[in-house]
Amino acid sequence: AQSVTQPDIHITVSEGASLELRCNYSYGATPYLFWYVQSPGQGLQLLLKYFSGDTLVQGIKGFEAEFKRSQSSFNLRKPSVHWSDAAEYFCAVGAQAAGNKLTFGGGTRVLVKP
Amino acid sequence: EAGVVQSPRYKIIEKKQPVAFWCNPISGHNTLYWYLQNLGQGPELLIRYENEEAVDDSQLPKDRFSAERLKGVDSTLKIQPAELGDSAVYLCASSPGQGNTEAFFGQGTRLTVV
């Protein structure tokens with residue numbers, strides 16, 4: 001069975017500083033990996049996805065993520081955080097063999113200090 | 001193009017009462033998902049439809065939860081009777097299917113059972 005771990009429940013970062021959110025997954029085959037962002041009271045918006053190919057993936061809002069098979073990781077990064085990036089971030093693994101079912105991590109809440 | 005539409009956005013009911021949530025997926029999306037998101041946690045799959053067929057309902061508590069997608073388009077999720085522990089956000093998502101695992105989420109219905 002697939003699983004996702006996001007080790008950091010909360011992260012506080014100053015505006016303009018860099019951000020890295022950790023994600024580790026467990027899946028027996030080649031995973032499809034996703035990062036979603038959720039603002040308060042809103043649904044989930046896709047930031048970026050990895051299916052295959054280049055292991056460094058560019059997404060929306062200046063985010064990028066790197067797939068590292070040897071570490072079973074898919075960490076999300078942003079070089080310079082804006083106040084509007086304050087939200088909850090979810091990493092997910094999708095399994096085509098399981099009918100495209102998404103399994104989510106517990107999320108990381110990002111707070112941005114002025 | 002309209003996204004995934006859910007209604008209502010918020011619902012407050014007394015325990016033991018019935019409640020229903022409605023979802024209209026993105027036009028042309030064959031796959032529809034219902035996810036449950038408890039406070040401070042990532043979403044968890046309740047049920048997945050391929051067209052009108054429920055192909056994965058293993059996580060749906062069938063004693064009180066039911067779902068339908070009669071014409072393979074919009075879907076309804078019902079709880080009867082509701083319990084205090086059902087208070088959560090219910091998210092609907094859709095996907096084109098055909099091997100594309102990207103899911104698009106609605107804004108969710110926040111249920112409060114009192």
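Numbered from 1 within each chain, the chains take letters A, B, ... in sequence-line order.
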Q) What is the distance from atom CZ of B:F105 to atom CD of A:Q42, rounded to the nearest 0.5 Å? A) 14.0 Å
Q: Flag the pair A:L102 / B:Y35 as yes when at least one side-chain heavy-atom distance between them is below 4.5 Å, and no otherwise.
A: yes
Q: Check whether more than 12 heavy atoms from other residues, nucleotides or ligands sit under 6.0 Å from atom CD1 of A:I60, and answer yes or no.
A: yes
Q) More than 12 foreign heavy atoms under 6.0 Å from CG of B:L39: is that the case here? A) no
Q | Exceeds 12 heavy-atom contacts within 6.0 angstrom, atom CD of A:Q58 | A | yes
Q. Between A:Q38 and chain B, which part of the residue has a heavy atom less than 4.5 Å away: side chain, backbone, both or neither?
A. side chain
Q) So, for A:G43 and B:L91, which heavy atoms are closest and what is the spacing to 0.1 Å? A) CA-CD2, 4.4 Å
**Q.** same_hphob_cluster(B:L36, B:F104) at 4.5 Å side-chain heavy-atom cutoff
**A.** no
**Q.** Gap separating the CZ atom of B:R48 from the NZ atom of A:K101, nearest 0.5 angstrom
**A.** 10.0 Å
Q. Considering residues, nucleotides and ligands other than B:K62, do more than 12 of their heavy atoms fall under 6.0 Å from its NZ?
A. yes
Q | In one Ile/Leu/Val/Met/Phe/Trp/Tyr side-chain cluster, 4.5 Å: A:V93, B:L46 | A | no
Q: Compare all side-chain heavy atoms of A:F90 with those of B:Q37 and state whether any distance is below 4.5 angstrom.
A: yes
**Q.** Between CZ on residue A:F104 and CD on residue B:Q41, distance to nearest 0.5 Å
**A.** 13.0 Å
Q: Look at atom CG of A:L56 and say whether more than 12 heavy atoms of other residues, nucleotides or ligands are closer to it than 6.0 Å.
A: yes
Q) Is there a donor-acceptor pair closer than 3.5 Å between any side-chain N or O of B:R9 and the backbone N or O of A:G41? A) yes
Q: Sort B:E44 into side chain, backbone, both or neither according to what part of it lies under 4.5 angstrom from a heavy atom of chain A.
A: neither
Q: Please look at A:L46 and chain B and tell me whether the side chain, the backbone, both or neither of the residue comes under 4.5 angstrom of a heavy atom of that chain.
A: side chain
